[in-house]
Number of protein chains: 2
Amino acid sequence: MEKEGGSQRATIRDVAARAGVALSSVSRALSGHPDVSDEMRKRVEEAARALGYEPNLVAQSLRSGVTRTIGFVIRDISSPMFALLARSCEQELRRNGYSMILVNSDGNVDNEARNFALLRRRRVDGIIASLVAEDSPYLQKNLTAAHCPIVLLDRQVSGLKVSAVLSNHGAGVYLATKQLLERGHRNIAFITGSSNVYPTRSRLEGIERAFREFKLEVPQDLLATGGFDSDYALAHARALIHKTPAPTAIVAGGLGALMGVTKALKESNLEMGKDIAVVALDELPYIEVFSGDISTVYRDPEAIGREAAQLVLEGLAGKAPRESVIDTLFVERGSSAGGL
Amino acid sequence: MEKEGGSQRATIRDVAARAGVALSSVSRALSGHPDVSDEMRKRVEEAARALGYEPNLVAQSLRSGVTRTIGFVIRDISSPMFALLARSCEQELRRNGYSMILVNSDGNVDNEARNFALLRRRRVDGIIASLVAEDSPYLQKNLTAAHCPIVLLDRQVSGLKVSAVLSNHGAGVYLATKQLLERGHRNIAFITGSSNVYPTRSRLEGIERAFREFKLEVPQDLLATGGFDSDYALAHARALIHKTPAPTAIVAGGLGALMGVTKALKESNLEMGKDIAVVALDELPYIEVFSGDISTVYRDPEAIGREAAQLVLEGLAGKAPRESVIDTLFVERGSSAGGL
DNA sequence: CTCTACGCTGGAAACGATTGCGGTAGCGAC
DNA sequence: GTCGCTACCGCAATCGTTTCCAGCGTAGAG
């Protein structure tokens with residue numbers, strides 16, 4: 001019932017001593033090895049319980065060469081979508097006996113490289129990563145030297161054997177753009193996100209497909225790529241609004257962009273869904289209750305998290321890396337109306 | 001430049017062989033031990049670089065008895081506030097050389113107990129936990145048997161030597177309530193959250209203090225405690241609205257409660273800030289841009305995360321556990337006006 | 001009775017690092 | 001020349017497990 005050694009933790013050696021058997025027998029008894037008599041199993045379990053023995057996973061990892069740990073490298077976990085994604089991913093990993101070790105890169109490639117190195121030293125069994133960029137200089141080395149399966153979130157790095165979960169942003173953006181075009185919009189402004197990542201390429205593909213169907217040219221001067229965080233997004237949104245001819249619709253990709261647009265419209269006393277049509281790419285959780293009426297291109301963050309976990313588990317099972325595509329859909333709400 | 005053993009990782013033994021020195025010298029050279037000649041250090045570093053040697057943290061942990069890992073047990077990381085908290089906490093820990101291993105309890109005490117056991121087996125150096133409840137049966141054992149410093153988030157468990165970061169919810173709630181009372185509200189409904197956790201007690205204290213100053217009784221039939229998630233919150237909010245006399249103000253604690261209230265008001269075509277005054281306890285990030293005009297009791301989640309990291313680091317440094325209080329403040333916006 | 005087979009157990013070698021201790025070489029002092 | 005000191009290095013034990021291998025006792029077969 002009580003610990004014998006006082007505050008020290010019981011080891012397998014203590015259990016062996018108490019049960020009066022060899023170390024190896026304890027190990028076999030507790031790990032379900034077949035070569036163990038019932039008598040032995042009972043004595044060992046009894047002793048283990050009495051000592052409050054809990055196996056040392058560090059020692060097990062060293063011996064077995066496997067840590068049952070997955071590294072999760074993320075640009076910024078505070079984004080609500082990532083939070084949902086991380087949760088479902090952790091649940092799925094835990095259900096399969098793995099723990100998740102979480103590191104933020106804070107959007108910084110140097111941090112990201114350090115984080116990869118840290119995970120390598122920790123001998124994680126696999127890595128799930130939302131990379132800052134696809135063209136970071138350390139990237140090739142980080143991905144090839146990892147010695148473990150890797151799953152990328154919404155990133156494509158050519159020439160490497162890694163898995164990836166890709167959202168088909170283009171599909172939803174295509175539908176949204178098509179609807180705007182059908183309603184007569186021609187001056188549609190797009191804020192698509194940083195140009196060096198897959199989502200932007202996918203979105204552009206959707207935009208171009210829609211315009212092509214209408215035999216129109218994409219208005220290049222209303223097309224804004226580039227990182228859009230907070231202040232910069234606001235400045236950019238202001239500039240877009242005041243172009244001539246003024247855009248009658250805005251498609252804002254990413255939270256920063258949406259915030260910028262929202263503020264800029266407020267400043268100019270423009271109401272979305274009335275004076276100007278607005279579509280957001282990716283939506284906040286709880287959007288229906290709080291942000292109300294914003295039309296969005298939606299993707300299910302929990303599905304992405306689960307799929308990422310599945311892909312890394314597949315890799316651990318020895319399967320070849322592969323890409324998995326998650327669909328997006330256009331959710332029409334009030335904000336995409338209006339604007340002439 | 002190239003790995004020698006092919007795909008196998010280099011160990012300290014390989015480095016020693018290549019440098020033509022003893023294992024122990026390699027260890028000393030790489031860990032900055034003083035008893036190392038410049039010549040030796042150079043040879044070892046050279047060999048280590050050539051082999052792409054990366055120390056095995058698992059082996060180091062086993063030998064040193066320290067994992068430089070902190071367990072983060074959380075009810076649900078997908079809550080936006082927790083996401084921010086977790087991020088700042090992870091940053092702070094990483095700056096101090098620790099990694100964070102994240103486990104969700106999904107609001108379930110059994111999962112929570114399993115998670116604690118897992119972290120114990122993983123020999124984490126410390127634990128930061130947002131507990132499901134303060135009176136869970138496993139709790140005492142989990143906290144006393146942890147063998148490491150523990151920091152609780154917004155929970156008080158009496159009679160135990162653990163640290164805690166507590167938000168002074170009462171302070172903000174007091175100010176909010178006072179303002180409502182000053183404006184003449186008397187039928188104020190409160191949804192405070194589950195009764196078995198500290199935040200609810202703190203909020204109640206603030207409410208009672210405000211009413212006492214006005215020499216009034218807290219309207220008990222408008223006081224709702226209990227867990228408020230999604231559907232249940234909605235039902236409860238509906239019921240509160242239709243009481244007679246109808247409340248002229250509602251204070252909603254927690255995201256679920258706020259969602260419920262928002263929906264219920266919409267259903268009844270009541271506009272917050274006009275037909276009824278509303279104050280939310282805790283706010284969503286980006287609230288100013290999206291949810292607009294909701295008055296809230298605010299606390300800084302990043303400060304809480306940093307403080308939690310500091311407390312656990314203090315514990316690791318051998319200091320005695322202590323409680324740290326983070327202040328809250330009342331942020332008045334449009335929604336707390338109106339309602340007569 | 002002897003030989004083999006089998007079921008179970010114990011001993012010991014790993015896994016990859018750190019560290020106390022003992023040893024050696026070099027050098028200055030006497 | 002000898003002694004002692006310092007600076008440095010290597011040996012081996014150790015952390016807590018798992019697992020291979022050998023041994024042992026019993027039983028069954030010949």
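Proteins get letters first, then strands, A, B, ... in listed order; numbering begins at 1 in each.
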Short side-chain N/O contact from A:Gln60 to OP1 or OP2 of D:dT18, under 4.0 Å: yes
Sugar-phosphate, base or nothing in reach of A:Val36, heavy atoms under 4.0 Å: sugar-phosphate
Spacing between B:Asn56 atom CG and D:dG16 atom P, to the nearest angstrom: 17 Å
Sugar-phosphate only, base, or nothing, as touched by A:Asp35 at under 4.0 Å among non-hydrogen atoms: base
Distance, rounded to the nearest Å, where A:Glu54 contributes CD and D:dT17 contributes P: 11 Å
For atom CG of B:Leu57 and atom P of C:dC15, their distance in whole Å: 19 Å
Rounded distance in Å - CG (B:Leu30) to C1' (C:dT19): 15 Å
Distance-only donor-acceptor test, B:Arg28 side-chain atoms vs D:dG10 base atoms, 3.5 Å: yes
Distance, rounded to the nearest Å, where A:Leu62 contributes CG and C:dT18 contributes P: 12 Å
Donor + acceptor pair across side chains of B:Gln91, A:Asn104 (<3.5 Å): no
Contact under 4.0 Å: A:Ser64 side-chain N or O vs D:dT17 OP1/OP2: no
Sugar-phosphate, base or nothing in reach of A:Ser24, heavy atoms under 4.0 Å: base
Sugar-phosphate only, base, or nothing, as touched by A:Thr11 at under 4.0 Å among non-hydrogen atoms: sugar-phosphate
Sugar-phosphate only, base, or nothing, as touched by B:Val21 at under 4.0 Å among non-hydrogen atoms: sugar-phosphate
Among D:dC11, D:dC8, C:dG11, the one nearest A:Ala22 by side-chain distance: C:dG11
Aromatic A:Tyr98 / basic A:Arg68 pairing, under 6.0 angstrom, 45° off normal: yes
A:Leu23 CG - C:dA12 C1' separation (whole Å): 10 Å
Atom-to-atom span, CZ of B:Arg13 to P of C:dA17 - whole angstrom: 10 Å
Any donor-acceptor N or O pair under 3.5 Å, side chains A:Glu92, A:Gln310: yes
A:Glu39 and its side chain to side chain contact (heavy atoms under 4.5 Å, CB included) partner, picked from A:Arg43, A:Lys42, A:Arg41: A:Arg43
Euclidean distance, atom NE2 of residue A:His33 to atom P of D:dT19 [Å, nearest integer]: 8 Å
Minimum-distance pair of heavy atoms, taken over all atoms of A:Asp154 and A:Pro199: O-CD, 3.4 Å
A:Arg63 (side chain) and D:dT17 (base): donor-acceptor pair under 3.5 Å: no
